[in-house]
Structures are given as C-alpha cells and as structure tokens.
K.L.:
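This structure is in structure tokens; I'll ask about it shortly.
Letters A, B, ... mirror the listed sequences (proteins, then strands); counts begin at 1. Since the model is a prediction, treat every value here as computed from it, not as a measurement.
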Amino acid sequence: MTRLSKDTSMLGRGVKRKRSCLEELDAEVLPDAPRKVDKKQDVDGDRDRGDRSDMSRLQQRQVVLSLCLKKLQDYQAGMELSLRRSVLLVNTLRQIQDEMQSDRTGSPDLHLHSINPDSCLLRDDFREDLLVTCPGCAVGNAEGLSPSLFPEFPSQEANGSSEQHKPLSSPSCSAVSDATNATGYLSDLALDDIFEDIDTSMYETSDLPSACAAGSLWPISVSLWPDENMKPFCPTHASGGGLQSCLMDLNELDHIIEILVKS
Amino acid sequence: EPVLRDPAMKSVLKLSEQTADIKFIRYLADIISTVEFNHTGELLATGDKGGRVVIFQREPESKNDPFSQGEYNVYSTFQSHEPEFDYLKSLEIEEKINKIRWLPQQNAAHFLLSTNDKTIKLWKVSERDKRPEGYNLKDEEGRIKDVSTVTSLQVPVLKPMDLMVEVSPRRVFANAHTYHINSISVNSDYETYMSADDLRINLWHLDITDRSFNIVDIKPANMEDLTEVITASEFHPHHCNLFVYSSSKGTLRLCDMREAALCDKHSKLFEEPEDPSARSFFSEIISSVSDVKFSHSGRYLLTRDYLTAKVWDLNMESKPLETYQVHDYLRSKLCSLYENDCIFDKFECAWNGSDSVIMTGAYNNFFRMFDRNTKRDVTLEASRESSKPRAVLKPRRVCAAGGKRRKDDISVDSLDFTKKILHTAWHPTENIIAIAATNNLYIFQDKLNSEMH
C-alpha cells in the first residue's frame, strides 16, 4: 500500500530524508498569495518569512530536480516509456534549469544557501567532458539499440514512406547545441555518459547529503544549456555498442565507489 | 440533517444514498483499463490489462421480482489483443486495452472498437439462438452420409438452440501509429472514426484498414523542440466535422475538418490563463488534461486535470464555465505525489444523461459527483467492505491532517494511493454508473430506475 512519503528515501543515492520532510517542503512552498495580499504586516517579518520560503523553495527545487533526473534515467528494459510522462519531466527540468540560470546570472546578492560552493570549480573542469559520446550516443540510440525518451525511427512511420526525420548528424557535428540538446531528448543515458568521467567519490558518502544533492546537479544543469563557448567535439564511440558499454562502465564505477567508500 | 432534506440535493443523493441498489461484480482477471456503455445502455464493455474484453448485458426487468431492476450479467468474454514484440525497437507492445468505443447499433449485431497502444480492432458481437437441422448430405453429428443411403430430399429447418454469443474480428487497423494510442472516437456519420496518439490524430473509414488520413500532426521537425503532447480527443456528438483534442499543457483545441485537410490550425483554443501566484514546479504537470468529453447536447466540454474537473462552454474560449475541485487537499502534497509518480495518473470523467451531473474518480477508491445546477457534490467509495447488495452508499469525507475529524472521516495521510478510480462510465439515459476499482467492477443502480430528472 502506497502512502504519502512517510518513509521517503528515494531521492538520489544515499540521500535519506527525514520523515515527512517532503510534506514540510510542500507545505512551506504553498503559493504565497495570502502573504502578498496582507500589506499590514511589518516589513521585517515579511522578509524573514520570504527568506524562509526562499530557502524552502530552493530545497524543494533541489528535491524536484534530483527526482526529475532519477525518473528520466530510470526505465524498464523492454518497455517503452510514456512520451507524455517524459515530456512533462523534461519540461519540469527545463523550468528548474531556467530558474537556476536566472538565479546565477541575476541579482548578485542572492544567497543560494544550499549550493555547494565547490561545485563552481567542478563546473569549469567538466565542460570539456560534457560532450563525451553525446553525438555518438545519439547515433547509437537512433539505431534502435536501447530505449530512448523520444523514439524516432523512420521505418516505423505508418505510411511507410522514407520520410526523413532529423537526419543522423555526422560524428564531427559542428552544431554544439545539437549535441547538448541531444543529451536531453535522444538519449537519457547520455546523462550517464557525462557522469562517467566525473570523480563522484566525494559525493557518494552519506555524510555529505547536501553536497551530494548539489554537486551532482551542476554537470547536468550546464549540459542542458546550449552554450556557445563550448567546443565542438568528435565522439570516440562510432557504433551503437558504445551506449551499452557506457552503461556497463557506469555500473562498474558505482561498484568501485561503493567499495572505496566502505573501505 | 439539513443536507439530506434539501430537495436540490436529491438528484445526486437519490442515486447514492437513499435508494441505491448496488451490484458488486467481482472481476477475477486483470486490472480494468476501460469501461464503456453502448448507446442504449443495454451493454457495458470493460477492457483489461491482459487484453481481454468482457461485455455485460442488462437483463430485462422481471415483473416477478421488484428488486430485479435489470441487473447486468456477463454476456461475452473474448481476447481482443495479444502482447506483441516490436523487433525494430526491441520493445514489447502491451496488450492492455486503452479504450473501447461502441458503434451505434444498425442491425441485430453489435459492433465495438477496441484499441491497445498500436492497433485498433473492430469486433462484431452477434447472437446465435437457432441452428439448421436436417441436412441431406450430413448426419446429425456432421459426418458425411453415404450418398447411396439418401432416398429422399429434405429442406433443412432452423431449430432453436441455447443462446450463443459469437464475437469475431471484422477489421484490424494496424501500423498507423508511431506513438501510443490514447483515444478513439466514432464519428456521428457512423462511417468514420479517429484514433489519436501522443503526436498525431488519424481519421479512418470503418471499412478501410489499409490506409488512414492524418488530420492532426503536432510532431516538431526537431524532436528536441517537443514540449507538448496530445492527451485525449473526441468527435462532436452531432457535427461530424468537429472534434476536440486536449494537450499536456492544459489546452483544448476545437478543429473543423472542413477548414483544411490537416487540422493543425485550430478553430478554437480553450485555455485558462495561469494564476501566477499559484505557480509551482508542478503547475504544468497538474494542468495536463487527462480526459475530455463532449456533453450529450454537444454544447459543453468536460475536462479532467489532476486536481480539478472543468466544464467549458464551446462559445467561450477564455476560461472554463465551471471548475470543480476533485481533491484539493492534495495540492499541498504535490511533491510527494510527484515522487511516487501518482501525479502522472490519468483520471477519466463522465456526464450523466441530462448533462446535469458530472462524475470522476479519485484515490482510496473514492469517486466524486458534482451537480452542476445545485453546486452540490458528494464523495462515495467503491469497496467491498462498505457495499452490500441493496445497501445504501454512504457519503465520505476527507479531512486535512490534524484538522477536526468527524466519525468516519478519512485523513489525507491515510488515503491509499494505490486504490485509484481512473475509469468511470455513466449510463446514457439512466442513473446507472459503472466504476472500475483496480480489478473490480462496481455497478450502482438507482432502485427506482427512474429517468433523469
């Protein structure tokens, strides 16, 4: 029997939440229309309440973001994903991404309490690694070797015509935004490819839940933003088999990390 | 209690409390995935996750037994769809029946359309209660007779036999949908029907299976630009050129097939402006329309999104005519419901025969009915524990956690979110409703069996 979040635990690896923490977050981030309407309250009190609700909103944003990513990456082998669900998840992800970007580029004195300051360093390091195998994975995925968010196969068209969908770009794709966008839609596993090169050992401990939640977000958040400064990248994986080996590599990485953490 | 004595409430309560006659059918098979009455209400079809269709028929009312108000009994069962394997994508195609729609009856046989994610089938349901006897060349067991023993000729005659219901597939409409079919709708011209998947809507002729006509295509040239999908669609009940489809962004589009071959441009766009103060990370998800139904009159549209049911006037695109809160107590729980995926549940909705009451399901095996005229509403439960034959349905109440509780109230935190009533159907003319609660089918009938008020 599924009840509401009494024993919520599935928020990302090893991140345990307090009982009914999600519900507290829900309650705090209710629309604050009543607050706005009542102008008689003192300004300081408002600001305190506003700060608290900002914090909760940021916390909730973190939670929703990590859940979103987890849901996008989970899939049942052999079963096709619901397109509606995928689109709604990706739209939510985009909304959060946009908010995070505007937070960063917006008011300079805005405090993002829950963001790990170290993650800014990591972000620069990972830029070059972002496009690892993305176009290759797009190629591989389009060959139909693994489930994808938005299955796209010309031969499946009802009228049987050789209607060309988005043509498979050559490995030396010059459009950087294509590659970064490809991570969102054509292959949910491309996100794992990005993680593959990242040393996540410092995030995988239960002692640093906030770092875990925050640190793992940044590579993803940057990857989904088309950024003109990024270099075009030629993938190393030319065949569709690259996707399968990416996944296996990631599993091995998990295994190794588990051993390292326990030792 | 004042509520019960209120005559205006009578129309809803009559069905649910004072006179309800409950028949509980234990459905031993799979999870029910669709429920649909035919146009007269004589037949009720259910489809399930295992690809099976069960048809119930209403017994004629018996004069001897005043309580036999024409109950529904199993009429026929057949396997409509089988699981398939898409070798190209290495994916299974589920046999689950997504929708069933009856064709209006034109002769002794009944026809229905059933669909899974990819293939629509037209089934003929006919009765056989006579068989020919007295063949010349075959004996009674069907063995060929020795011709030399035949000394005279006889004319075979039809003799009565035990009623047999035969179901046969008449058409298979396949290979027309890349994405998952979510709706089918028979046109009022009785010749065509449409099928809708996430990105496209196709128009078929009932007699032609090898081609369909694409009338809506919202697939972007670049799939990365995809932000919206089709969630439901339906033909207008009277105007064979009009149809509506809903989207995951909460919009409705009314299209006129006379305007263009490809109805990508809508004739009318129904959208409620978003309340900026209510915006959250879940705003879009909960605005996604899960079902759309024309009223019997054809003048209104009923839509269901995650928390509300809305009635729209076809003449007013700017906002709904009426908004009904189905379970607003969940609004503060959206994060948890997002986590356990319940926020993606798709609830259906239904009109009663006179378009005065609307009905939709909720969690904990609750379902809700709203009287549009009196603005009264009621919450009822479909469960074996609370329902006995000839019993009276008791209205239920959900109270906020920690709020003051009356006896028999249920706290929000005690709701069972695995017990969801996604599929409901209302008899076309009478106060009879069919509720699918996971793998159980409930049929609630008004004992007095009166017509709509």
Side-chain angles (χ1 to χ4, degrees), chain A residues 1-6 8 10-11 20 22-23 25-27 29-33 36 60-61 63-65 67-68 71 77-80 82-85 87-92 94-96 99 144-147 149-153 155-160 165-166 178 181-182 184-186, chain B residues 86 88-94 117 175-180 182 197-200 202 211-212 214 221-224 226-229 231 248-249 275 277-285 288 331-344 346 401 412-419:
Chain A
M1 204 190 277
T2 304
R3 301 233 188 263
L4 273 179
S5 72
K6 286 282 197 243
T8 304
M10 297 308 298
L11 293 178
S20 74
L22 273 184
E23 293 173 22
L25 285 179
D26 269 324
V29 189
L30 273 175
D32 55 0
K36 284 183 189 154
Q60 194 190 55
R61 192 170 74 184
V63 169
V64 175
L65 181 54
L67 281 175
C68 209
K71 286 176 192 296
M79 292 298 298
E80 214 165 342
S82 155
L83 190 65
R84 168 185 166 262
R85 184 169 175 273
V87 167
L88 290 172
L89 286 171
V90 174
N91 288 352
T92 306
R94 277 189 175 145
Q95 181 193 338
I96 294 176
E99 231 184 73
L145 291 174
S146 66
L149 280 180
F150 303 129
E152 194 60 59
F153 302 98
S155 56
Q156 285 288 90
E157 280 302 306
N159 50 21
H165 297 279
K166 170 173 150 31
D178 273 350
N181 284 335
Y185 279 78
L186 291 183
Chain B
D86 182 334
L88 195 68
K89 297 193 209 175
S90 288
L91 292 173
E92 275 184 40
I93 300 173
E94 273 192 291
D117 284 338
N175 301 321
H177 286 280
T178 308
Y179 306 98
H180 290 178
N182 52 55
D197 67 29
D198 293 310
L199 298 180
R200 297 191 178 97
N202 293 332
R211 26 171 209 271
S212 64
N214 179 242
N222 192 348
M223 276 297 269
E224 286 99 29
L226 181 65
T227 57
E228 193 174 10
V229 299
T231 51
S248 55
K249 286 198 168 169
D275 175 9
S277 67
R279 180 133 183 92
S280 76
F281 301 114
F282 312 110
S283 296
E284 185 183 315
I285 299 178
S288 172
R331 197 174 289 273
S332 58
K333 310 284 182 189
L334 291 179
C335 200
S336 310
L337 293 162
Y338 176 78
E339 193 213 357
N340 64 18
D341 261 13
C342 283
I343 207 173
F344 297 105
K346 293 188 289 181
V412 181
D413 296 321
S414 306
L415 293 174
D416 187 347
F417 289 86
T418 61
K419 295 188 180 162

K.L.:
Tell me the closest heavy-atom pair linking A:Gln95 and B:Ser280, and the distance in Å.
P.N.:
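Closest pair (atom of A:Gln95, atom of B:Ser280, distance): NE2-O, 3.5 Å.
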K.L.:
With B:Glu228, which residues qualify under salt bridge (Lys or Arg N to Asp or Glu O under 4.0 Å), at least two apart?
P.N.:
B:Arg253
K.L.:
Report yes if the side chains of B:Asp198 and A:Val87 come closer than 4.5 Å at any heavy-atom pair, otherwise no.
P.N.:
no
K.L.:
Are the side chains of A:Leu83 and B:Leu199 in contact, using a 4.5 Å heavy-atom criterion?
P.N.:
yes
K.L.:
Side chains of A:Val64 and B:Phe282: closer than 4.5 Å at any heavy-atom pair?
P.N.:
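Result yes, sub-4.5 Å side-chain heavy-atom pair found.
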K.L.:
For B:Ser248 versus A:Leu88, what's the shortest heavy-atom pair and its separation?
P.N.:
O-CD2, 3.9 Å
K.L.:
What residues form a side chain to side chain contact (heavy atoms under 4.5 Å, CB included) with B:Asp341, not counting sequence neighbours?
P.N.:
A:Lys71, A:Arg85, B:Phe344
K.L.:
If you round to the nearest 0.5 Å, how far is CD1 of B:Ile285 from CG of A:Leu89?
P.N.:
6.0 Å
K.L.:
Does B:Thr231 reach the side chain of A:Arg84, with side-chain heavy atoms less than 4.5 Å apart?
P.N.:
yes
K.L.:
Between A:Ser82 and B:His180, is there a side-chain heavy-atom distance shorter than 4.5 Å?
P.N.:
no
K.L.:
Taking C-beta and beyond as the side chain, do B:Phe281 and A:Leu67 meet within less than 4.5 Å on heavy atoms?
P.N.:
no
